[in-house]
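Below: one structure, written as structure tokens.
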Amino acid sequence: MKTNIVNTASGKANVSALFFVKKSVQFSNVLSENAVTQVESVLNGMKDGPFEDLELLEIDGVSTIFVDAAKERGLSALDHLRMSAYRLAKRACKRQIPTVSIMLADAAPEQFKSILHGLHYADYKFDAYKSKQKDAFQVTFEIVAGEQVAEFKKIAEEVAVEHKAVVLAKNLINTCASDLTPAEFVDNANAIAKYTPGLSIKVRNMKQLEKEGFMGLVTVGKGSSHEPYMITLSYDGTKPARKGAAKVAAKSAKIADKNARTSADHLVLVGKGLTFDTGGLCLKPPKSMPEMISDMSGAATVLAAIQAIATLELPIKVSAVCCLAENAIGFKSVLPGDIFKAKNGKTVMVDNTDAEGRLVLSDGLAEAGEIGATHIIDIATLTGAMVRALGYAVAGFFCNDDDLGLKVINCGEACCEKFWSMPLEEEYADALKDKFADLKNTGSDAGAIAAALFLQEFVPENTAWAHWDIAGTAFVNKTWKYTEYGATGFGVQTLIELARRMSKADEESIENDAVVSEDEYKVC
Ligand code: BES
Ligand code: ZN
Ligand code: ZN
């Protein structure tokens, strides 16, 4: 797929595409008067009758695809646009239409962004394991943007970066577990850090983890022949060295001079990275096992997100911690009933070896605290209970901070990723207490809540924290929206958007602070 953003239609496209939101004509400024009349009569004729997703009609002598972006139940207006753009691209590819002209001169930036994302989704295929790889037909989309050309070009660059991150996460998640061991994941992360300016990486192996007391990862990972690792990726967009961040940093420095303080937000993303989860000695049933190649989705999501955040040079400090292990059966596997001491000093009895995600995440949360997180988001395919509660379309999240919780929901909405707030129900906390150890790794029947309450025991003090359980949304077994089968890339875009909005809030508060400080200075 190729996109050219142009002011007016070149007239060279084989087909024009018109997106109709709520069936109103929005394209009067890119269509001739005659065409507008024709379009209106077509739409009037279709008002009561069935309206196919894509109608191909002759308008003004040009083959025109009518894209109905106002259909499906449950999807937001922006998601309708994504869906319809996705379908349009699939159809154009199938029909081998070389160039499609999309009339978007009236579109709002977020509508344009959604359409672009939809086109990108249609481009994805994972055929690394097929004996023969087929070249997909290349469609060029000429996007007619009118006076918004410059603005749309900038958005297109951002969407390309975001979507590259989505593809990275999906490829990692779809790769089978024997080809993506913890060590292979580390190799990928090293390569990404090497080629992404501003991104640094620290890797701890089993020996170092043990020495430093990250015993959750050691306990889970020691049963496998593939040793566990922890990766910490760091990016500081508030440093003057970063081009895009220079303005903010200069402001920070100005304030620092006067008030001896700078913006202190440090967003740390923690990802569950089980490259495979057999369940350990509490073995999973065969039916639910193959999907466990996706149990490293959290780690892939945070790696992809920080790669994009650094590439976009967002003016904020962000780190990503990947907790990588394989939950396997071996002669060194953790035994049910074993007790270990976690990094924060709490002792944990392993009641069920299949509840391993929360154990490795205890180390990720500890690392987040050690590197000075002010805000933590942990992302994990954590519980089957979450799949049963919310299915594949909505991720449940738990949060100890209202402001962060609201941001998660709003950013998700902007990215067409749905989040539902779940309770950190204190009444179930006692069920996590163990007779010998401080805690055990299973709790009440409310499985997703029990897991979140367990994680809360390891959240550093005075830190805003949200836990996303993406067990249902990370991987689909049937076609869902713009994913045919496999990894969805869920969460990558919301994380990027969260960093973007947090950095803007920072920028604004610095600006406001600066004004206040200066006023105060004058008064004094
Ligand atoms: N990785 C699974 C959770 C999961 C289930 C992810 C389905 C994706 C799809 C997790 O490690 C797990 O097995 N959790 C157990 C915990 C239980 C033993 C307390 C579960 O939810 O069944
Ligand atoms: Zn498990
Ligand atoms: Zn798991």
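Starting from 1, each residue takes its place in the sequence as its number. Order of listing sets the numbers, starting from 1, for every ligand and every atom in it.
- Both the sub-6.0 Å distance and the 45° axial angle are not jointly satisfied by K481 relative to the ring of Y86.
- The residues D127 and K134 are annotated as not salt-bridged, no charged nitrogen and carboxylate oxygen being separated by less than 4.0 angstrom.
- In this structure, K272 has a heavy atom closer than 4.0 Å to ligand 1.
- Checked for salt-bridge contact, K90 and E484 meet the test: a charged N lies under 4.0 Å from a carboxylate O.
- Distances between N or O atoms of T442 and those of ligand 1 include no value under 3.5 Å.
- The CD1 atom of I173 sits 6.5 Å away from the OG1 atom of T488 when rounded to the nearest 0.5 Å.
- Of all the heavy atoms of L382, the ones lying under 4.0 Å from any atom of ligand 1 belong exclusively to the backbone.
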> Under the ring pair (Phe, Tyr, Trp, His ring centres under 6.0 Å) criterion, do Y485 and F475 qualify, and how do the steps go?
Replying inline: CA-CA 8 Å; Y485 169 90; F475 195 93; 5.7 Å; yes
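- The shortest N or O to N or O distance between M292 and ligand 1 is not under 3.5 Å.
- Backbone and side-chain nitrogen or oxygen atoms of D354 are examined, and one is located within less than 3.5 angstrom of a nitrogen or oxygen of ligand 1.
- Not a single N or O atom of N352, backbone or side chain, sits closer than 3.5 Å to an N or O atom of ligand 1.
- For R358, every heavy-atom contact with ligand 1 shorter than 4.0 Å involves the side chain, none the backbone.
- Residue T374 forms a side-chain contact (heavy atoms from CB on, under 4.5 Å) with just one option from L267, D265, T463, and that option is D265.
- At under 3.5 Å, not a single nitrogen or oxygen of T383, backbone or side chain, sits near a nitrogen or oxygen of ligand 1.
- Taking the six-membered ring where the residue is Trp, Y121 and H163 present perpendicular rings, their angle passing 60° and hence far from 30°.
- Under a 4.0 Å criterion applied to the non-hydrogen atoms of E356, ligand 1 contributes the atoms 11 (O).
- Using a cut-off of 2.8 Å, one finds that A380 contributes no N/O/S atom close to the Zn ion (ligand 3).
- Inspection of the N352 and T442 side chains reveals no N or O donor paired with an N or O acceptor under 3.5 Å.
- In this structure the side chain of H266 reaches within 4.5 angstrom of the side chain of S319, judged on heavy atoms.
- Under the 3.5 Å distance criterion, the side-chain polar atoms of T196 are left unmatched by any main-chain donor or acceptor of L199.
- For atom 17 (C) of ligand 1, the closest non-hydrogen atom on the protein side is A355 CB, 4.3 Å.
- The shortest heavy-atom distance from R388 to ligand 1 is not under 4.0 Å.
- Taking a cutoff of 4.0 Å between a charged side-chain nitrogen and a carboxylate oxygen, E110 and K113 do not qualify as a salt bridge.
- Here D378 contributes atom CG and L269 contributes atom CG; the two are 10.0 Å apart, rounded to the nearest 0.5 Å.
- Contact atoms of ligand 1 toward D295: 1 (N) (distance under 4.0 Å to a heavy atom of the residue).
- Looking at D277 against ligand 1, only its side chain comes within 4.0 Å, counting heavy atoms.
- Short contacts between ligand 1 and T381, defined as distances under 4.0 Å to a heavy atom of the residue, involve ligand atoms 1 (N), 2 (C), 3 (C), 6 (C).
- Considering only heavy atoms from C-beta on, S294 comes within 4.5 Å of E291 through its side chain.
- From the protein, the heavy atom lying nearest to atom 20 (C) of ligand 1 is G384 N, 3.7 Å.
- With waters neither drawn nor counted, the protein N/O/S atoms under 2.8 Å from the Zn ion (ligand 2) amount to 4.
- Proximity to K284 (heavy-atom distance under 4.0 Å) selects the following atoms of ligand 1: 2 (C), 12 (C), 13 (O).
- Electrostatic pairing of R204 and E367 counts as a salt bridge here, judged by a charged N lying under 4.0 Å from a carboxylate O.
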